[in-house]
Amino acid sequence: MPGTETTAARDTSAPVTRVPTWRRLLRDPQAVVTLAILVLIVVLGILAPLLAQHSPNHAELSMINAPVGESGYLLGGDETGRDIFSRLLYSINTAAVSALIGAGVALVVGVLAGLLGGYFGTYTRAVTEWLFSLIMTFPGVLLLIILMPLTGGDYRWTMLIFGVLLSPAMYRIVRNLVLGVRNELYVDAARVSGLSDVRILGRHVLSAVRGPVIIAAAFMAGASIGVQSGLAFLGVGSKQEASFGVMIKSGFDNLYIEPTQFLWPTLVLGVITASLVLLGNALRDTLEGSTPRPVRTGAGLRAVTPPAPAPATTTDATTTGAVTADAVGTGTAGTATATDESPALLRIRDLAIAYPTPGGALTEVVTNVNLTLSAGEALGLVGESGSGKSQTAFATLGVLPPEAVVTRGSIRLDGRELIGLRDAALRPLRGRVIAYIPQEPMSNLDPSYKVGAQLVEGVRTALKVSAKDAKAQMLGLLERCGIADPARTFDSYPHQISGGMAQRVLIAGAVASRPKLLIADEPTTALDVTVQAEILDLLRDLQAELDMAVLLVTHNFGVVADICDRIAVMRAGEIVETGDLTTVFREPRHAYTRMLLDAILDEDVVRTDLPASAARGGGTR
Ligand SMILES: Nc1ncnc2c1ncn2[C@@H]1O[C@H](COP(=O)(O)OP(=O)(O)OP(=O)(O)O)[C@@H](O)[C@H]1O
């Protein structure tokens, strides 16, 4: 049994709750004051029909330029005898509608296009780039004036067009943020666990960009009010619509007769726009300090799977063995094969992966790799850094980088060819038939969400179970994976648990769906020595319990000895030797294998236990 993990990486005594954003916002006096002012102004605008003594356009000859407080005219009368207070109240509504339409359109158009352009490949991005570059060439406010005949002077249409003109700024913010987030390991993790692009965009990507988007929207609301007022000041649009611009123009013309007519609308407009800008700043301070983002290290690493719990059987079990096994490959260079009796779960044939060089030619980083893995068998893929282990694993998961080219070969999982499958076809396999455990557990959890939410998300996606069932299942699995207080870990954010606990969490997520094949890519490298041993014990126990095949990618022979039945040694993109563990350890045939085995004497971490297969009686299963 693995040991239980009780040590949190940071302050174990700290409560595992995080102060919600809105509460932190309310602790900022600047946010509270500006929010209160804006709410008060908006409420005054909404109550305009009740509070206003007169219609905003009702003119009274006797009230022309009336002073403040005269005959129930709280702020006096304007140059045509209209009630300035009533007009101010209705102008607030005009400003609010302008802000909603302008910022709303920019938000919807810019965020949607930014998500698509940032997340999807080159073609989608090329189209969105072209479109928004085109919009940016439009001459802004001048266009709004030119389009006056089209909008009929209705400021709502004008603001709609202005929103489109603002959208490139929003698009660029979102696109840049998404480009940064889409390569995060936790996004890869969500992809590998089988989540659809829409789910990944909606949950992991949108949550990462929401802070800057909200801030930008606050500034855009201010800009919309400013532009609407400016146009009205210039006389563009209906003069019947009460607005700050029209009132300021009227007050400006009357400045020397009754200066307060200019003062009131200027003051309210100034307070609104200043409040929006200051609120935007407060939001930025709160939101940008709120989300701890892990630094992505170790380029090219792929993520895991908080996927789905599963019933004890998987529906496609009958297809296992559709491919006949290879001949026994003990000691055969170039081909890692299963035994005769064992049907092949994974069969990789002549796999070659290449990357384009700056000159345009393709350089192969994986060449003619042959591997066969039976159901329930553990194969260690060993080799020094850069030998092509991860590329082979990524090709099997279907998560090679876009620039990678599979130049030839075949990967059959459970009898089904994976090379050439579209992402939509691969997605149902990931997290269910095939799962993954990464090297860097912490980077594979989205820091914005609690651990439990991420586990349940994968479970529900894979097995279509209720949130309650998914939670119950995951709590049980967390306990099985050695987490001492599953409920507490479930309710923690990733930064509140240790690396070892994070790896246990990811293992629990990976095995929840009882996958037939688990790919573990250096699963213990990022952990300290004692935790490494416990995690290996856990993997070994789970493999036996669930009868999973395990493809263990590592550079460490000690780790292979702990878990694996067979071994394949990779060097410079090729498999140079394969065989059952005991044979390769005792009689390595290839000079490179001998060199690696000699080198483990210098490893910092050497397991002293007997090889797993040796302990079980020596041979392969
Ligand atoms: N995006 C890429 N573009 C070009 N070459 C790449 C890319 N990703 C990986 N490679 C190359 O592919 C080769 C194999 O890389 P791979 O990550 O599979 O090695 P590895 O054996 O898993 O090593 P490590 O244990 O360090 O991850 C390396 O030479 C690497 O430089």
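Numbering of ligands and ligand atoms starts at 1, following listing order. Note that this is a predicted model, so its numbers are computed, not measured.
- Considering only residues two or more places apart in sequence or on other chains, Thr357 meets the side chain to side chain contact (heavy atoms under 4.5 Å, CB included) condition with Ala361, Thr363.
- Close approach to Ser387 involves these atoms of ligand 1, each under 4.0 Å from a residue heavy atom: 19 (O), 20 (P), 21 (O).
- Of the N or O atoms in Val365, none lie within a sub-3.5 Å distance of an N or O in ligand 1.
- Close approach of ligand 1 to Glu522 (heavy-atom distance below 4.0 Å) involves ligand atoms 25 (O).
- Salt-bridge formation is not detected for the pair Arg594/Glu587: no Lys NZ or Arg NE/NH1/NH2 atom is positioned less than 4.0 Å from an Asp or Glu carboxylate oxygen.
- Polar contact with ligand 1: absent for Thr392 (N/O pair, distance under 3.5 Å).
- Residue contacts with ligand 1, taken as heavy atom pairs separated by less than 4.0 Å, involve Glu403 solely via side-chain atoms from C-beta onward.
- For the pair Glu377 and Arg566, the salt-bridge criterion is met [side-chain N within less than 4.0 Å of a carboxylate O].
- We find that Lys516 and Asp547 are not joined by a salt bridge, their nearest charged nitrogen and carboxylate oxygen being 4.0 Å or further apart.
- Residues that satisfy the side chain to side chain contact (heavy atoms under 4.5 Å, CB included) test with Leu418, not counting sequence neighbours, are Ile411, Leu413, Leu421, Leu426, Leu429.
- Across the listed options Glu364, Lys389, His555, Lys389 owns the non-hydrogen atom lying nearest to atom 25 (O) of ligand 1.
- Closest to atom 29 (O) of ligand 1 by heavy atom, among Pro356, Pro401, Ala354, Gly386, is Gly386.
- Interface of Glu384 with ligand 1, defined as ligand atoms under 4.0 Å from a residue heavy atom, comprises 21 (O).
- Between Arg430 and Asp423, at least one side-chain N (NZ, or NE/NH1/NH2) sits under 4.0 Å from a carboxylate O, which counts as a salt bridge.
- Under a 4.0 Å heavy-atom criterion, Gly388 is in contact with ligand 1.
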